[in-house]
Amino acid sequence: MNLKFLRDNPEQARRILELRKCAFDLDGLLELDERRRSLSTERDELRHRQKQMSAQVAKAKQEGQDAAGLMDQAKELSAKVKELDAKVSEVEQAQEERARMLPNIVHESVNEEDVVVSEWGQKPEFGFKPLAHWDLGEALDILDFKASAQLAGSRFTVFKGAGALLRRAMLAYFLDLHTKEHGYTEVGLPVLANRESMEGAGQLPHMEGENYAMRDDPLYLIPTSETPLANLHRGQTLEASDLPKKYVAYTLCFRREAGSYGKDVRGMIRVHQFDKVELFRYVEPDKSYDALEEMLKEAEAAVKGLGIPYRVKRLAAWDIAYQSAKTYDIDAWAAGVGRWLEISSVSNCEDYQMRRNRTRLRLAGGKTGYPHALNGSGLALQRTFVALIENNQQEDGSVLIPEVLRPYMNGLERIS
RNA sequence: GGAGAGGUGGCCGAGUGGUCGAAGGCGACCGCUUGCUAAGCGGUUAUGCGGGUAAUACCGUAUCAUGGGUUCGAAUCCCAUCCUCUCCGCCA
């Protein structure tokens, strides 16, 4: 939500905040805005007079007249302008700070509760008790949680041997699928981002404690490649003819998981460092909701390819990220832990990020507006890995490799 | 890490204290022309904020990397920061 929207539709804004269950002092912000506008108008008027005065001084000097009197008056005005200017910046800054904490609007199709919109595949049946991935992984010697704990602490993972190969194969499969079948351009990105990038994508300031910050440099480990991808064209004005821009990136992602003590502590369902292939699109505003549906299908294609049963949820208003106006989640069924795991989140952020980082779009009449930005996981590796090995485990303890991955694994058909 | 050079509009590039939002060129767009042919001529050509309008128009103000300072007045002078480039060092 931007200020103009707030000013023009305060009631709608209030409703959105309610839906999101977001405590935000809307009136306080609007008051600040009111104050800012009146102060800056006053300041501009004074400055106008001061400029006229300066012009008179210049003229007088040119004509060889004494300008001392004029200069004294101008000096006085100048001091007043300076004073007011300081006030204006103060209010501006306060307002900006608050406005940065505003979430995006919520699309009208979003409900107050999560809604499962589709389901695909069959949950596997076993004639034995399926193992959770931590047991299965250690038994097959493809995951080593003792080693990761020793290296970095809890919530990290060490992949070994065929496990490491499977990880690499899955990432390559995702990237190939999206570049070859779905027309995305692959980019390789930094996993460190500066403050501007973090704020531009909407991760900061409101997720402040959720990111790893560097001690010696003002940089953050990215929580998702959405962060750099949303900033790829920061400060630029894109031409409509350049759109859509479709990027896919594999990066590591880092999250402190600060608020999740005691949740998912075992295995690699919730880890501090994970792998993700991310889809990102810059599109014209009137095409963004079609693009959202397309991206959902693209993410689904990746899950289907692996043969993992899943469901698609349309998230409730209170459940979607700050920067998103509408989000679908894809949950994969993981038979070992017996749970649905979120492996993809596909969001239309509309112009929220583009406004924040000033990525503009030249419109038909030569005017400028903002493109819409969408992102979607395609897919998050660790949880997909979990679902895959848990679902594909056999009575003899081995794990079947899906067809699509075999070419990436030197033809390997099963891990045993 | 050390030394140096530089950051001006979509791009190139001029501008060292007053009418500079900024010459000139390129590009783009709009007209006109089509007897000299992948040409010519004329015009237009940034953005933020605030006001104003039904919407335009229009008005004010800000913006020459960023933030401060000097001055009646700053693209131009001073300070700090950031970024880019070159050379040296280190290094996968």
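Just so you know, these numbers use all the heavy atoms, side chains as well, and skip hydrogens, waters and symmetry mates. Naming: A, B, ... by sequence-line order, numbering from 1 per chain.
Nucleotide B/rC90 forms a pair with no other nucleotide shown, judged by Watson-Crick or G-U wobble geometry with both contacts under 3.5 Å. B/rU34: no Watson-Crick or G-U partner with both key distances under 3.5 Å is found in any strand. The base-pairing partner of B/rG6, taking Watson-Crick or G-U wobble contacts with both distances under 3.5 Å, is B/rC83. Using N1 to N3 plus N6-O4 or O6-N4 for Watson-Crick, or N1-O2 and O6-N3 for G-U wobble, each under 3.5 Å, B/rC77 pairs with B/rG69. In this structure, B/rA14 forms no base pair with any nucleotide, since neither Watson-Crick nor G-U wobble geometry is met with both distances under 3.5 Å. When both pairing distances are held under 3.5 Å, B/rG60 makes a Watson-Crick or G-U pair with B/rC49. Pairing partner, B/rA28: B/rU44, with both Watson-Crick or wobble hydrogen-bond distances short of 3.5 Å.
Counting only heavy atoms from C-beta on, A/Lys82 has its side chain closest to B/rU70 among B/rG50, B/rU61, B/rU70. Comparing B/rG48, B/rG18, B/rG50 by their nearest atom to the side chain of A/Lys4 picks out B/rG50. Checking B/rU61, B/rG51, B/rG73 against the side-chain heavy atoms of A/Ser78 singles out B/rG73 as nearest. When each of B/rA62, B/rC72, B/rG50 is scored by its nearest atom to the side-chain atoms of A/Thr41, the top-ranked nucleotide is B/rG50. With distances taken from any side-chain atom of A/Ser54 to the nucleotides B/rU61, B/rG18, B/rU47, the minimum falls on B/rG18. Distance from the side chain of A/Arg37 is smallest to B/rG50 among B/rG50, B/rG18, B/rU61.
The distance from atom CG of A/Leu238 to atom P of B/rG10 is 14 Å, rounded to the nearest whole Å. Regarding A/Gln52, its CD atom lies at a distance of 15 Å from the C1' atom of B/rG18, rounded to whole Å. The CD atom of A/Glu42 sits 19 Å away from the P atom of B/rG60 (whole-angstrom rounding). We find that CG of A/Leu39 is positioned 15 Å from C1' of B/rU61, with the value rounded to whole Å. Atom CZ of A/Arg234 is separated from atom P of B/rC82 by 16 Å (rounded to the nearest Å). One can place CG of A/Leu46 at 17 Å from P of B/rG51, the figure rounded to the nearest angstrom. Put simply, CD on A/Glu92 is 13 Å from P on B/rA62, counting in whole angstrom units. When rounded to the nearest whole Å, the span between CG of A/Leu70 and C1' of B/rG18 equals 14 Å.
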Pair A/Leu292, A/Tyr328 - check side-chain contact (heavy atoms from CB on, under 4.5 Å), show working.
CA-CA 9 Å; A/Leu292 180 68; A/Tyr328 290 109; 3.8 Å; yes

Step-by-step side-chain contact (heavy atoms from CB on, under 4.5 Å) determination, A/Phe5 to A/Ile105
CA-CA 10 Å; A/Phe5 177 82; A/Ile105 58 146; 4.0 Å; yes

Quick one, A/Arg47 with A/Arg43, criterion side-chain contact (heavy atoms from CB on, under 4.5 Å). Give me CA distance, side-chain angles, the key distance, then yes/no.
CA-CA 6 Å; A/Arg47 181 129 58 192; A/Arg43 188 257 329 257; 3.1 Å; yes

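Within the nucleic acid shown, A/Lys59 has no heavy atom closer than 4.0 Å to any nucleic acid atom. If you check every strand for non-hydrogen atoms under 4.0 Å, A/Ala74 touches sugar and phosphate atoms only. Using a 4.0 Å heavy-atom criterion, one finds that A/Arg35 contacts no nucleic acid atom at all. Using a 4.0 Å heavy-atom cutoff across all strands shown, A/Arg43 reaches no nucleic acid atom at all. Here A/Glu76 lies out of heavy-atom contact (under 4.0 Å) with every strand.
Contact check for A/Ile142 versus A/Leu136: no side-chain heavy atoms found under the 4.5 Å cut-off.
For the C1' atom pair drawn from B/rG89 and B/rA3, the interatomic distance equals 11 Å after rounding to whole Å. With C1' as the reference atom, B/rC20 and B/rA75 are 8 Å apart, rounded to whole Å. When the C1' atom is used for both B/rU33 and B/rA39, the distance is 11 Å, rounded to whole Å. As rounded to the nearest Å, B/rG67 and B/rU8 have P atoms that lie 16 Å from one another. B/rC72 and B/rG60: their P atoms are spaced 25 Å apart (whole Å). Here, B/rU45 and B/rA57 have their P atoms 12 Å apart, quoted to the whole Å. B/rC29 and B/rG10: their C1' atoms are spaced 13 Å apart (whole Å). Rounded to a whole angstrom, the distance from the P atom of B/rA74 to that of B/rU19 is 10 Å.
For A/His107, the ring pair (Phe, Tyr, Trp, His ring centres under 6.0 Å) test picks out A/Tyr289, with sequence neighbours left out. For A/Glu18, the salt bridge (charged side-chain N to carboxylate O under 4.0 Å, His left out) test picks out no residue, with sequence neighbours left out.
Distances shown here put a side-chain N or O of A/Arg7 below 4.0 Å from the OP1 or OP2 atom of B/rG50. For the pair A/Gln73 and B/rC72, the criterion of a side-chain N or O lying under 4.0 Å from OP1 or OP2 is not met. For A/Lys51, no side-chain nitrogen or oxygen approaches OP1 or OP2 of B/rC72 to under 4.0 Å. A close approach under 4.0 Å does occur between a side-chain nitrogen or oxygen of A/Arg47 and OP1 or OP2 of B/rA62.
Between A/Lys59 and A/Glu63, no side-chain nitrogen of the basic residue sits less than 4.0 Å from a carboxylate oxygen of the acidic one, so the salt-bridge criterion is not met.
Along RNA chain B, the nucleotide nearest to A/His48 and the one nearest to A/Arg36 differ in position, and the one closer to the 5' end is contacted by A/Arg36. Along RNA chain B, the nucleotide closest to A/Ala58 and the one closest to A/Asp33 are compared, and the more 5′ of them pairs with A/Ala58.
Results of the side chain to side chain donor-acceptor pair (under 3.5 Å) test with A/Tyr184 over A/Lys246, A/Arg281, A/His178 single out A/Arg281 as the only residue that passes.
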